[in-house]
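All remarks here apply to the structure that follows.
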Amino acid sequence: MAVTAPVTVPAAEAPIEELHRLWETPHTLYGALATVDHKKIGKRYLVTAFVFLLVGGLEAAVMRVQLAAPGMRVLGPEAYNQYFSMHGLTMIIWYASPILSGFSNYLWPLMIGARDMAYPRVNALSYWTFLLSGIFLYTSPFLGQAPNDGWFGYAPYSLQLYDPGLNMDFYALGLIFITISTTVGAINFIGTIMKMRCPGMSLNRLPLFLYGTMTASFSIVFALPALTAACVFLYFERRFGMHFYDVAHQGNPLLWQHLFWIFGHPWVYIIVLPAMGMISEIIPTFSRRPIVGYPMVALSTVATGIIGFGVWVHHMFATGIPPIAASYFSGASFLITLPSAVAVVAWIATVWTGRPVLKTPMMFALGFIVLFVVGGVSGVVTAAVPFDWQVTDTYFVVAHLHYVLVGINVFAVMAGFYYWLPKMTGRLLDERLGQANFWTMFIGMNLAFFPMHIAGLLGMPRRIYTYPAGVGLGAVNLLETIGAYIFALGVLLFVINFFWSLRAGEPAGSNPWDAGTLEWASTSPPPPFNFAVLPTVRSRNPLWEGHPGATAEGEVGPERSSVFRGPVLDRGRETLATSPLEGHTMAQQLMPEDSLWPLLLALGLTAAFYGFVFSVWWLACAGIVWVAISLGAWLWPTGDEADERPVHLPAPGVA
Amino acid sequence: MRRLGAGMGTPALLGLLGLLGLLVATAGCDHAASVFTGAAAPGAGEAQLGWFLIAVSCLVVLVVLVLVPIAALWRRRERTQGAPGTIIDSAVPSDAREQRWLVLWALLVPTGILTAAFVFTVVTINAAAVPPSHPSAGRATVTGHQWWWEIAYDDSSGQGFTTANEMHLPVGQPIRITLQTADVIHSFWVPQLAGKTDIIPGQDNTMWIEARQPGVFSGPCGEYCGAQHAQMRLTVVAESPDAYRAWVATQRQVGRAPGDSTLATGRQTFMTAGCASCHTIRGTEAAGTVGPDLTHFGSRRTLAATGIENTQANVMGWIVDPQGMKPGNDMPRMAVAPRALQPLAAYLETLK
């Protein structure tokens with residue numbers, strides 16, 4: 001094996017045209033279907049997940065009309081139950097996690113100075129299975145048989161005896177389908193963070209956003225098998241008469257609850273930790289200083305992910321568990337507050353000691369902190385078991401979870417859009433419209449969800465399609481509906497702002513916010529190869545080194561990051577592979593070319609799942625066989641130079 | 001570039017504070033089904049814990065979201081600044097100082113608060129596990145059905161009885177309740193008396209309630225159980241021990257015989273129109289077990305677990321159109337001739 005150090009050149013001298021030729025996906029139908037470019041995949045994730053947000057939002061809008069006053073007849077009970085089930089599934093599974101995957105997919109390689117994710121074809125597979133599983137799920141409403149047992153799908157109501165339609169078959173199979181997408185996506189993130197960081201990016205220089213997604217990805221790998229198993233059991237019980245959850249045949253309905261929440265609670269952190277990471281990027285940029293307590297924020301992210309596996313029973317406090325067990329899970333649930341407190345205090349301290357600039361992304365980030373604190377304390381109180389007996393399954397919990405999911409996920413996503421869309425599109429969003437957008441969403445959000453705390457404390461259960469007049473719930477519910485529509489108006493303002501910016505937005509330039517992390521070193525939008533030369537970093541905020549007022553972040557002595565001078569690597573689609581902890585250069589990594597097989601494999605899965613749901617067994621078999629063929633073809637050695645080229649280990653000291 | 005204070009105006013925070021105030025005010029008022037009423041044990045203990053938690057939460061929100069921003073604004077006016085937009089890396093405290101500061105405010109202070117809440121929680125859990133010293137005044141088995149409640153009072157002397165959708169409690173004496181389900185998961189919950197205990201197939205959960213004051217309380221089903229989860233209400237009447245004993249004595253009796261020919265016609269309709277195949281009226285040939293026991297239907301305050309008042313007019317409406325009032329429930333529309341309807345409803349109302 002040849003041991004040669006890659007030659008470093010200034011970015012201006014890099015062979016840009018050659019890099020374009022190597023990395024650009026052709027602008028053809030084939031290119032659109034076969035691309036493995038993480039930026040294209042990331043944008044697709046963002047658009048698709050945003051569409052799911054709009055669909056789930058429309059479902060909520062209909063439900064809010066039904067609940068605006070007592071005894072409304074907009075939706076009947078069965079229709080309402082399908083609406084709230086689809087709303088929950090859509091938002092929690094098909095929006096909240098994929099939208100963050102979209103940001104991660106687009107931004108990770110840019111933030112870590114790489115040219116693509118570790119497994120670009122797996123990345124494509126992850127997107128296609130996400131899209132197709134969503135289409136699969138949304139076949140059900142057209143048959144009038146959408147899932148109707150909530151996103152939590154409790155047995156035995158989910159079983160054939162009580163729910164004979166295809167509703168819960170779509171539920172079980174749809175979830176199994178998307179877990180494939182989520183799992184391969186998580187593996188891709190883990191591989192990327194372990195191997196693809198640019199030289200010098202040791203774990204203590206990693207942007208905090210990556211800590212969020214990395215922790216979430218590990219959680220996915222450990223948590224999702226519980227969901228998959230639960231759904232496989234459910235499908236087998238419904239379709240083949242097995243007895244996992246059926247008491248009459250020695251099954252146990254609590255098995256479902258345990259499996260579901262062993263997945264379900266870590267999932268909460270899976271859909272908030274990356275969002276918290278995004279806020280940890282945005283607040284320092286607009287506070288004009290590095291984040292306070294970086295090591296503690298990073299560690300608290302990981303701690304949250306770990307403790308998150310020990311609290312699932314707090315969703316089941318009312319199931320009659322013994323006091324000792326209840327006390328244990330109560331203690332664990334109180335404990336998980338601490339890492340979040342670290343993050344909140346660090347953000348506030350960053351703003352406090354910084355020079356905050358209140359652009360729209362910062363406004364959303366500050367709004368995020370407000371909602372985080374409210375949603376946080378309303379969550380902590382439910383760790384107190386006896387109080388939870390009162391508020392669980394009431395609108396108090398609905399309020400809490402919306403403060404968490406809208407506050408910590410949607411507000412972070414909006415902050416992320418205003419912050420990073422200029423990088424993706426090359427154009428700034430309108431600032432005045434952005435401020436209006438923020439205030440509309442912030443006021444709408446609080447008006448829609450705060451009164452739900454009160455409704456819950458007044459005894460309003462969740463998942464009810466109507467409530468009687470004269471029990472004092474009319475006023476709060478009307479307020480909530482008004483708030484929901486104000487919030488929807490805010491979302492509409494964002495959509496308008498986005499399309500306006502595409503046509504008339506001010507050109508962003510490579511670093512419109514004067515931020516410190518690597519993604520801002522690339523052009524807006526970035527070229528297919530991200531960086532003409534691969535950077536080497538020596539600090540957490542390489543672009544802030546040498547900035548007026550900034551020290552060189554004394555941690556590494558006099559060395560400076562080298563962002564605009566580095567190796568080109570233009571003998572193929574190449575990037576650098578580095579060591580997991582210190583970020584030492586290990587190899588020149590050859591990346592795969594575009595391929596249709598990820599899409600074809602995903603289509604085979606789709607056929608199989610339709611076969612399963614409609615009991616068309618030949619179709620299911622054909623789908624599975626096609627998946628096997630696709631896998632074979634995907635992995636088949638091509639025999640060309642790419643398979644045989646040796647890795648080039650650089651000389652020690654290059655990184 | 002705007003600074004903190006210009007945009008992050010206090011109106012938003014004041015608005016939030018207003019909402020918090022609204023929360024406290026509403027939760028405190030004596031509302032139909034507020035969880036803070038605490039008219040019974042263990043609900044009173046839960047309400048106490050709830051008040052403590054809400055108070056601490058409001059305090060945390062007040063400090064973090066109101067006082068801290070105000071302090072930051074005030075401090076900002078004091079401090080002289082370099083040009084906006086420059087990085088102020090060099091002006092900030094060292095990592096070590098930052099971390100000491102974080103450990104204090106983000107770990108030690110919250111740990112103190114959380115420990116207090118945890119201790120309070122464990123004490124309350126244990127208090128709810130056993131009833132007070134009284135010997136139990138009785139036992140009842142509550143069975144959840146899609147979508148109504150069956151209540152069976154046991155009696156050691158073998159004089160148990162079954163009723164539906166309304167249970168009575170003696171004030172000052174604990175009743176032990178065993179929870180069972182005929183079908184899916186439900187949850188027994190009367191906010192003013194006690195928090196939820198789920199009713200799970202294959203698992204006999206038990207709980208107890210000791211009412212502290214007389215009153216009529218309403219309890220919605222606490223766990224999603226299908227189409228009519230929204231209309232599965234239990235009425236609980238807490239009354240003096242004397243009144244309770246009188247109620248028990250009445251409930252043990254068989255259904256009252258019709259006192260006149262109209263009522264006899266009503267009873268005849270009940271037996272022939274199909275009602276008897278699903279409902280029981282003790283002392284008659286009606287012995288169906290699909291729907292609620294109607295032996296003392298007339299004594300109940302509400303109808304069909306809907307919370308609708310039990311009046312003759314509402315009963316007539318229910319009989320002709322149960323699916324309109326409660327879509328999806330098991331009762332079919334009854335083919336009762338219009339002139340037979342009023343006597344039937346009148347008969348049912350006499351079943352006190």
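The shown structure was predicted, so the numbers you read here are calculated from the model rather than taken from an experiment. In what follows, every chain begins at residue 1, and chains take the letters A, B, ... in the order their sequences are listed.
The two residues Ala349(A) and Trp101(B) have their closest heavy-atom pair at CB-CZ3, 3.5 Å. Shown here for Gln203(B) and Thr319(A), the closest heavy-atom pair between the two residues is NE2-O, 2.9 Å. Listed here is the closest heavy atom pair of Ala227(B) and Asn81(A): CA-ND2, 3.3 Å. The nearest pair of heavy atoms linking His229(B) to Arg462(A) is NE2-O, 3.4 Å. Across all their heavy atoms, Val247(A) and Pro201(B) have their closest contact at CG2-O, 3.3 Å. Pairing each heavy atom of Ile185(B) with each of Pro156(A), the nearest pair is CG1-CD, 3.8 Å.
By the side-chain contact (heavy atoms from CB on, under 4.5 Å) test, Pro42(B) pairs with Glu46(B), Ala128(B), Ala194(B), Trp208(B), sequence neighbours left out. With sequence neighbours left out, the side-chain contact (heavy atoms from CB on, under 4.5 Å) criterion links Gln82(A) to Glu78(A), Ala146(A), Asn148(A), Asn167(A).
The side-chain contact (heavy atoms from CB on, under 4.5 Å) test with Leu65(B) is passed by exactly one of Val374(A), Leu371(A), Ile348(A): Val374(A).
No part of Ala343(A) comes within reach of chain B, as not one of its non-hydrogen atoms sits under 4.5 angstrom from that chain. Residue Tyr154(A) touches chain B through its side chain alone, counting heavy-atom pairs closer than 4.5 Å. Contacts of Asp149(A) with chain B are made by both backbone and side-chain atoms, with heavy-atom separations under 4.5 Å. Interface remark: Ile125(B) contributes backbone and side-chain atoms alike to the contact with chain A (heavy atom separation under 4.5 Å). Proximity to chain B involves both the backbone and the side chain of Pro323(A), based on heavy atoms less than 4.5 angstrom apart. Residue contact with chain B, scored on non-hydrogen atoms closer than 4.5 Å, involves the side chain of Gln257(A) exclusively. Within the 4.5 angstrom heavy-atom criterion, atoms from both the backbone and the side chain of Thr111(B) approach chain A. Neither the backbone nor the side chain of Phe317(A) comes within less than 4.5 Å of any heavy atom in chain B. When heavy atoms are compared at a cutoff of 4.5 Å, Ala129(B) approaches chain A solely by way of its side chain, counted from C-beta outward. If you measure heavy-atom distances from Trp189(B) to chain A, the contacts under 4.5 Å come from the side chain alone.
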Where do Val68(B) and Trp352(A) land on the side-chain contact (heavy atoms from CB on, under 4.5 Å) test, with the steps shown first? CA-CA 9 Å; Val68(B) 167; Trp352(A) 176 295; 3.9 Å; yes
Apply the test side-chain contact (heavy atoms from CB on, under 4.5 Å) to residues Val377(A) and Val61(B): give CA-CA distance (whole Å), side-chain angles for both, the deciding distance (0.1 Å), then the verdict. CA-CA 8 Å; Val377(A) 294; Val61(B) 170; 3.9 Å; yes
Stepwise, does the side-chain contact (heavy atoms from CB on, under 4.5 Å) test hold for Leu114(B) with Leu335(A)? CA-CA 8 Å; Leu114(B) 294 173; Leu335(A) 185 68; over 6 Å; no
Stepwise side-chain contact (heavy atoms from CB on, under 4.5 Å) test for Ser34(B) and Leu457(A): CA-CA 6 Å; Ser34(B) 167; Leu457(A) 294 174; 5.6 Å; no
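No side-chain heavy atom of Cys225(B) sits under 4.5 Å from any side-chain heavy atom of Tyr157(A). A heavy-atom distance below 4.5 Å is not found between the side chains of Trp389(A) and Thr197(B). Inter-residue side-chain proximity for Ser187(B) and Asp393(A) is flagged as unmet; no heavy-atom pair is nearer than 4.5 Å. In this structure the side chain of Thr392(A) never reaches within 4.5 angstrom of the side chain of Glu223(B), judged on heavy atoms. Residues Pro386(A) and Thr121(B) have side chains in contact (heavy-atom distance under 4.5 Å, counting atoms from C-beta outward).
Annotation: Tyr224(B) is in aromatic contact with Phe84(A) [ring centroid separation under 6.0 Å].
For chain A, the option among Thr124(B), Thr206(B), Leu102(B) with the highest count of heavy-atom pairs below 4.5 Å is Leu102(B). No other option in Ile464(A), Leu161(A), Val380(A), Thr466(A) has as many heavy-atom pairs under 4.5 Å with chain B as Ile464(A). In terms of heavy-atom pairs under 4.5 angstrom with chain B, the leader among Gly459(A), Ala318(A), Pro77(A) is Ala318(A). Looking only at heavy-atom pairs under 4.5 Å with chain A, the residue among Asp183(B), Leu107(B), Val122(B) that has the most is Asp183(B). Contact count versus chain B (heavy atoms, under 4.5 Å) is highest, among Pro339(A), Ala248(A), Gly320(A), Ala384(A), for Ala384(A).
With hydrogens and angles disregarded, a donor-acceptor distance shorter than 3.5 Å links the side chain of Lys196(B) to the backbone of Gln390(A).
In summary, the side chains of Gln228(B) and Tyr465(A) do present a donor paired with an acceptor at a separation below 3.5 Å, with no hydrogens or angles considered.
Around OH of Tyr328(A), the count of heavy atoms belonging to other residues, nucleotides or ligands within 6.0 Å does not exceed 12.
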